[in-house]
2 protein chains.
Amino acid sequence: MEPDILELERFLPYRLYRLADTVSREFSRIYKERHGLTRPEWRTLSGLGERGTMTATELGEQSAMHKTKVSRAVAELERRRWLTRTPDENDRRVEHLALTKTGLATYREMVPLAKAFEGELLARLSDEERVAIVRGVAALEGALERK
Amino acid sequence: MEPDILELERFLPYRLYRLADTVSREFSRIYKERHGLTRPEWRTLSGLGERGTMTATELGEQSAMHKTKVSRAVAELERRRWLTRTPDENDRRVEHLALTKTGLATYREMVPLAKAFEGELLARLSDEERVAIVRGVAALEGALERK
DNA sequence: TTTCGATGGTTACAAATGAAACCAGTTTGG
DNA sequence: CCAAACTGGTTTCATTTGTAACCATCGAAA
C-alpha cells in the first residue's frame, strides 16, 4: 500500500462511477431499445408518471437534471405527443407538464420492467449485502446533501 | 407504495447514478481546475502513475474506458508531453505507454489530493456506514462481473 | 410607475461521447 | 504460402452534453 500511489480499483469515486455507469448502461437498454428514449427523456417520463404534473424546474429538481436537459427532453416528448404543456394562470413564464394518455401508457408499460430490472440486480446479492448497499448509498446521499 | 408507480427516489439505478455523478463532479474540480484535465485524461494519468507502463488496451480495461476515449486521452497527454509511447518489439500494432518526468510529477501532486477528497467524504459517515458502502459496492461489483 | 435584480425556460456554440468505419499489422486454417 | 478473420489503435460523423448568453416575465424597492 504505497502512500504515493492511488489504487484506482479501491478509489471510491471511481468505483461508484463505474458501477453506476454499468448499471445505468444495462438499464438504458430497456428504454432505448423499446422506445428510443435517452436518459433525460426516460427520467422525464418517469418523473411525470410518478408525480402527475410538474413544472420544468420541479422536474429538474426531482430527477437531478440540468435545466437544458429538461428543456430538450420535454421538447422531444412533446413532439411525440407523450406530454402536454399548460400555461400557468398567474405566472406566464411557467408551464405545467403532464403526460398524455399515450405517454402514460408507455410509462405504465415501463414500470414493471424497471422494477424487474432492479429486482434481478438485487436478487444476486445476499440479504446482508442488500442491506449494506441501501444503507451505504443512503448514508452517502445524506453526507452530500448536508455538505 | 402503488404497484404501478416507480419511485425514482428509491430506484437504485437512479440513486447510484446521481450519487456517482455528484461525487465525480465534485472530484473533477480538483483535476479540472488545476490542470484542465478531462475525466479520461485524469484516469489515464492515474492508471499509468499506478502501474508504470501499459498499452492502450490494458489502460482501457484497467480504468473502464472505451478505446476511443483512451485514444484521445493518450493523444492529449502526449501533446502535453506528460507521456510517451514506445513501440512494441514484437507486435508493431502495440505501443507501451509511460509517464514522463513531468507527467509523473503531476501524478504525484494529485495523489494526496485524491486521497484527501475520498477521506473527507468518508469522514462524514459513521463507522458502520463506511463499512456498509464499501461492502455494498463490492457486492454489486461482484454481481455485475459474474453476470 | 419605473427600474433592476431574480427566475422560468430556450437557444447557440463548443466540447465530449459512442458507434461504426477504418488502417495497419498479426494469426489461423487450408 | 495465402486468404480470411482478428486485434490494437485511430478517425469520422452524428448525437449528447455543459456553459453561457439570451428572452420573456415577475417581484421588490425607489
Side-chain angles (χ1 to χ4, degrees), chain A residues 17-18 20-22 24-29 31-33 35-44 47-48 53-80 83-98, chain B residues 17-18 20-22 24-29 31-33 35-44 47-48 53-80 83-98:
Chain A
Y17 193 92
R18 189 184 51 180
D21 195 54
T22 308
S24 173
R25 231 179 196 56
E26 279 200 31
F27 179 58
S28 78
R29 293 221 307 261
Y31 53 75
K32 189 171 288 177
E33 284 177 7
H35 298 291
L37 293 174
T38 63
R39 186 168 38 230
E41 284 155 22
W42 150 251
R43 282 196 192 168
T44 299
L48 290 177
T53 289
M54 275 190 287
T55 67
T57 302
E58 287 165 349
L59 190 49
E61 282 160 11
Q62 196 241 354
S63 52
M65 294 191 290
H66 188 85
K67 63 206 282 210
T68 62
K69 276 190 187 168
V70 174
S71 174
R72 299 190 249 241
V74 165
E76 170 61 19
L77 295 192
E78 183 186 33
R79 202 191 58 70
R80 295 188 186 206
L83 70 72
T84 53
R85 313 177 192 236
T86 318
D88 185 276
E89 298 277 286
N90 308 314
D91 187 339
R92 291 191 308 177
R93 292 169 304 180
V94 176
E95 294 169 325
H96 300 276
L97 309 167
Chain B
Y17 194 92
R18 189 185 49 181
D21 195 55
T22 308
S24 172
R25 231 179 195 59
E26 279 200 31
F27 178 58
S28 79
R29 293 221 307 259
Y31 52 75
K32 189 171 289 177
E33 284 177 6
H35 298 290
L37 292 174
T38 63
R39 185 167 40 228
E41 284 156 20
W42 150 250
R43 283 196 191 169
T44 299
L48 291 177
T53 289
M54 274 191 287
T55 67
T57 302
E58 287 165 348
L59 190 49
E61 283 160 11
Q62 196 240 355
S63 53
M65 293 192 289
H66 187 85
K67 64 206 282 209
T68 62
K69 276 190 188 169
V70 174
S71 174
R72 298 190 252 241
V74 166
E76 170 61 19
L77 295 194
E78 185 187 31
R79 201 190 60 71
R80 296 188 185 206
L83 69 75
T84 54
R85 314 177 192 237
T86 320
D88 184 275
E89 298 277 284
N90 308 313
D91 188 338
R92 291 192 306 179
R93 292 168 306 180
V94 177
E95 295 171 324
H96 300 277
L97 310 167

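Heavy atoms only: backbone and side chains are in, while hydrogens, waters and symmetry mates are out. Every chain is numbered from 1 and lettered A, B, ... according to where its sequence line falls, protein lines coming before strand lines.
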**Rounded distance (Å) that lies between atom P of D/dT12 and atom NE2 of B/H66** = 16 Å
**Request:** Take atom CG of A/L77 and atom C1' of C/dT10, then tell me their distance rounded to the nearest Å.
**Result:** 16 Å
**Request:** Verify side-chain contact (heavy atoms from CB on, under 4.5 Å) between A/R80 and A/L37, making sure each step is shown before the conclusion.
**Result:** CA-CA 11 Å; A/R80 295 188 186 206; A/L37 293 174; 3.8 Å; yes
**Separation between CD of B/E95 and OG1 of B/T84, rounded to the nearest 0.5 Å** = 10.0 Å
Under 3.5 Å between N/O atoms: give me all the protein pairs with nucleotides 2-8 of chain D, atom names plus distance.
from	atom 1	to	atom 2	distance (Å)
D/dT7	O2	B/R93	NH1	2.5

**Request:** Decide yes or no on side-chain contact (heavy atoms from CB on, under 4.5 Å) for B/H96 and B/D88, but give the supporting numbers first.
**Result:** CA-CA 7 Å; B/H96 300 277; B/D88 184 275; 2.6 Å; yes
**Message:** Minimum heavy-atom separation for A/L48 and A/L97, please, with both atom names.
**Reply:** CD2-O, 3.6 Å
**Item:** First of A/K69 and A/R92 reached from the 5' end of DNA chain D, by closest nucleotide
**Value:** A/K69
**Complete:** When rounded to whole Å, the CZ to P distance for the pair B/R43 and C/dA16 reads 15 Å
**Message:** Can you tell me how far apart CE (B/M65) and CD (B/E41) are? Round to the nearest 0.5 Å.
**Reply:** 9.5 Å
**Fill in**
To the nearest angstrom, the CZ-P distance between B/R72 and C/dA16 comes to 10 Å
**Asked** Could you give the OH-to-C1' distance, from B/Y17 to D/dT17, as a whole number of Å?
**Response** 10 Å
**Geometric class of the A/Y31/A/W42 ring pair [parallel <30°, tilted 30-60°, perpendicular >60°]** = parallel
**Request:** For A/R25 and C/dA19, give me the distance from atom CZ to atom P, rounded to whole Å.
**Result:** 6 Å
**Message:** Run the side-chain contact (heavy atoms from CB on, under 4.5 Å) test on A/T44 and A/L83 for me, step by step, so that the C-alpha distance in whole Å, both residues' side-chain angles and the decisive distance to 0.1 Å come before the verdict.
**Reply:** CA-CA 10 Å; A/T44 299; A/L83 70 72; 4.2 Å; yes
**Message:** Tell me the interatomic distance from A/E76, atom CD, to C/dT11, atom P, rounded to whole angstroms.
**Reply:** 14 Å
**Prompt:** Looking across every strand, which nucleic acid part, if any, lies under 4.0 Å from A/N90 by heavy atom: base, sugar-phosphate, or nothing?
**Reply:** sugar-phosphate
**Message:** Between C/dG8 and A/R85, counting only base atoms on the nucleotide and side-chain atoms on the residue, is there a donor-acceptor pair under 3.5 Å?
**Reply:** no
**Prompt:** What nucleotide among C/dT17, C/dT11, C/dG18 has an atom nearest to a side-chain atom of B/P40?
**Reply:** C/dT17
